[in-house]
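To start, the structure under review is shown below, and the notes come after it.
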2 protein chains.
Amino acid sequence: MATRTRRSERRRQVLTRERIIETAVELLDTTGADALTVRALTSRLATGPGAIYWHIGNMSELLEAATDAVVATALAPRSAEPAEPAGAGEAAATPQDEIRAAALGLFDAVTRHPWLAAQLAVQFTRNPWGPVTLRIFESIGRPVRALGVPRSEWFAVASTLVHYLLGATTQTSQNAAPLSAADRAAFLDTASRAWQELDPDDYPFVRAIAEQMRGHDDREQFLTGVDLVLTGITTLHPPTAPGSPAPAPERLAQKGRPAR
Amino acid sequence: MATRTRRSERRRQVLTRERIIETAVELLDTTGADALTVRALTSRLATGPGAIYWHIGNMSELLEAATDAVVATALAPRSAEPAEPAGAGEAAATPQDEIRAAALGLFDAVTRHPWLAAQLAVQFTRNPWGPVTLRIFESIGRPVRALGVPRSEWFAVASTLVHYLLGATTQTSQNAAPLSAADRAAFLDTASRAWQELDPDDYPFVRAIAEQMRGHDDREQFLTGVDLVLTGITTLHPPTAPGSPAPAPERLAQKGRPAR
DNA sequence: ACCTGAACACCGTTCAAGT
DNA sequence: ACCTGAACACCGTTCAAGT
């Protein structure tokens, strides 16, 4: 490829933390998570390991920074169609729409960057309140507030949404490059078949859904899940709009927990 | 410690796949995820790497098997109090209770095995329909069925619950050994303080919940989230019991999705 | 202050050779 | 069939030495 011209042009730039992170993301996108090594970085940046370690503390810090950078742009409100007349027919987005937009931003980022799902999971478990989590929390929390959820429930409600998002986006991953439509269909087909051959005593439910999982669309199902959680939120914490009947959430209240 | 007696007694046993998995879990529990290496295994089993690789394909297969083993016992319905007269005062568990029980089984397993959270995440992203996911799906899916959710929604509803569970349990991890109450309080305190010093323009929401996050209880909040999702499920798919008014889920229906 | 590059202390995995 | 143990091809990270 155009490696030679690229590399020499590169070398003219100074080595900065930002450029290392940027290169890491490129490497992750093009060659996959396993191929991001210090040696790969040094050769792409035409430098030595010492130079890398001068700017970044260690490999996992770099991974965190790369993940944070990608998540930041994924959650940034897109300016969408700048050609469209601003503020014309565009009704103000509802809090639900904002939550869906943030959720989709994350979802689409994971499909664009196949390595992201695993990294989100790693970041989330290794450093539960690190920059990545905080960023997601903020994007989800603001609309939760606007939803009219009582202040005492902000943390719990936002957590629930964030946890759902992270679970859902991390499962929606292609390890390697994104699959073609045909490959995806083939994959789902074999999986579905395998499920149908599971032991009926051990896996009755999985067998029963084998058929419908074959035809499912990840993105659509993701949104269905978001809406389900949103329904839970607005049912438990109905907006205090005038005329709203405020249905009492009897059965699933806090107190009704299992004894043991 | 009693390493010598233990090791020689060990050596008398034959090396089997099961024993390797069992030893891997011990190693993970006692020395942490980073310390589970082939070399550590060989020394603990008093054998060589070749012997290990005769029984298991590679390291990540072993990790998957170890995770699956722990998850299996975590989800197995506990016989609870065997001293108690069976079937006496015990009313049949509701589907909700069964879901909560499975969820708590997973949650408690993650706190008992600090390495489990990360491994669940890895398993879930690397092999989205592997044995671990399937097992969790089955435990959650059965009660979902019993909840009266229409068949066409089984997959979507079970997925939503599983995704929430996985997101929530993977964040609830202590990297190393479980923290003492005092350490936990100190940790939450510093985190809370750090949140309050974030930029008010960038992180208004996180700042606003800093105080309540300091006092939160992971397990309680986890259950709150489960109940929130359950509320969403029963609201969208009310059980068709006679006398149930079956409220129409107008606002958050499938069709009301954002255009872009 | 910033970078070089050899060297260190590990990894997972393989494989000829044994029994 | 099952196990041994040396060897291979990698890792991330450090650090004296340069500019």
Side-chain angles (χ1 to χ4, degrees), chain A residues 7-28 30-67 115 118-119 122-123 125-127 175-176, chain B residues 7-28 30-67 115 118-119 122-123 125-127 175-176:
Chain A
R7 194 174 287 176
S8 54
E9 146 196 330
R10 277 273 164 80
R11 203 58 200 87
R12 247 171 262 134
Q13 304 176 37
V14 263
L15 191 60
T16 61
R17 185 184 153 90
E18 283 64 42
R19 203 154 77 84
I20 296 175
I21 294 170
E22 188 187 311
T23 309
V25 172
E26 279 176 34
L27 228 32
L28 287 164
T30 55
T31 51
D34 290 343
L36 177 63
T37 64
V38 174
R39 279 161 180 83
L41 269 177
T42 58
S43 94
R44 206 142 142 97
L45 290 165
T47 178
I52 306 279
Y53 281 92
W54 176 260
H55 292 280
I56 62 148
N58 54 44
M59 204 53 181
S60 63
E61 184 190 314
L62 176 58
L63 250 354
E64 176 172 77
T67 305
W115 53 275
Q119 269 309 307
V122 167
Q123 239 49 65
T125 54
R126 254 187 37 118
N127 194 0
N175 309 5
Chain B
R7 191 174 288 175
S8 54
E9 145 196 330
R10 277 274 162 79
R11 202 61 200 89
R12 246 171 262 133
Q13 305 177 36
V14 261
L15 191 60
T16 62
R17 186 183 152 89
E18 282 65 40
R19 204 154 77 85
I20 295 174
I21 295 170
E22 186 187 313
T23 309
V25 172
E26 280 175 35
L27 229 31
L28 286 164
T30 55
T31 51
D34 289 344
L36 176 63
T37 65
V38 175
R39 280 161 179 83
L41 268 177
T42 57
S43 94
R44 207 142 142 97
L45 289 165
T47 175
I52 306 280
Y53 280 92
W54 177 260
H55 292 280
I56 62 148
N58 55 43
M59 205 52 181
S60 62
E61 184 190 315
L62 175 59
L63 250 355
E64 176 171 76
T67 306
W115 53 274
Q119 269 309 307
V122 167
Q123 239 49 66
T125 54
R126 254 187 37 118
N127 194 0
N175 309 5

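Below, chains carry the letters A, B, ... as their sequence lines are ordered, and counting in each starts from 1.
What separates CZ of B:Arg39 from P of C:dA9 is a distance of 14 Å, to the nearest Å. Whole-Å rounding puts the B:Arg17 CZ to D:dC3 C1' distance at 18 Å. The nearest whole Å value for the distance from the CD1 atom in A:Ile52 to the C1' atom in C:dT4 is 12 Å. Summarising the geometry, the separation between CD1 on A:Ile20 and P on D:dG12 is reported as 14 Å, rounded to the nearest angstrom. Rounding to whole angstrom units, CG of residue B:Leu27 and P of C:dG12 are separated by 11 Å. For the pair A:Asn58 CG and D:dC11 C1', the computed distance is 14 Å after rounding to whole Å. Regarding B:Leu45, its CG atom lies at a distance of 14 Å from the C1' atom of D:dT4, rounded to whole Å. Taking atom CG on A:Leu36 and atom P on D:dG12, their separation rounds to 8 Å, with Å as the unit.
Between A:Thr67 and A:Val122 there is no side-chain heavy-atom pair separated by less than 4.5 Å. Contact annotation: the side chain of A:Trp115 approaches that of A:Val25 to within less than 4.5 Å [non-hydrogen atoms, C-beta and beyond]. At a threshold of 4.5 Å between non-hydrogen side-chain atoms, the residues B:Val38 and B:Leu62 do not count as touching.
Which of C:dT13, C:dC3, D:dG12 sits closest to the side chain of A:Thr37 comes down to D:dG12. Comparing atom distances between the A:Ala51 side chain and each of C:dC3, D:dT13, C:dT13 picks out C:dC3 as nearest. The nucleotide whose nearest atom lies closest to any side-chain atom of A:Leu15 is, among D:dG12, C:dC3, C:dC11, C:dC3. The side chain of A:Tyr53 sits closest to D:dT14 out of D:dA7, D:dT14, C:dT4.
Ranked by how close their nearest DNA chain D nucleotide is to the 5' end, B:His55 and A:Gly50 are led by B:His55. Position along DNA chain C of the nearest nucleotide to A:Pro49 versus A:Trp54 favours A:Trp54 as the more 5'-ward residue.
Summarising the geometry, atom CG belonging to B:Leu41 is positioned 10.0 Å from atom OG1 belonging to B:Thr47; distances are rounded to the nearest 0.5 Å.
The number of heavy atoms from other shown groups lying within 6.0 Å of CG (A:Asn58) is above 12.
Under the 4.0 Å criterion applied to side-chain N and carboxylate O atoms, A:Arg44 and A:Glu26 are assigned as salt-bridge partners.
For DNA chain C, if you chain together Watson-Crick or G-U pairs that step i with j, i+1 with j-1 and so on, the runs of at least three with distances under 3.5 Å are C:4-8 with D:12-16, C:12-16 with D:4-8.
A donor-acceptor pair under 3.5 Å is absent between the side-chain atoms of B:His55 and the main chain of B:Ile20, judged by distance alone.
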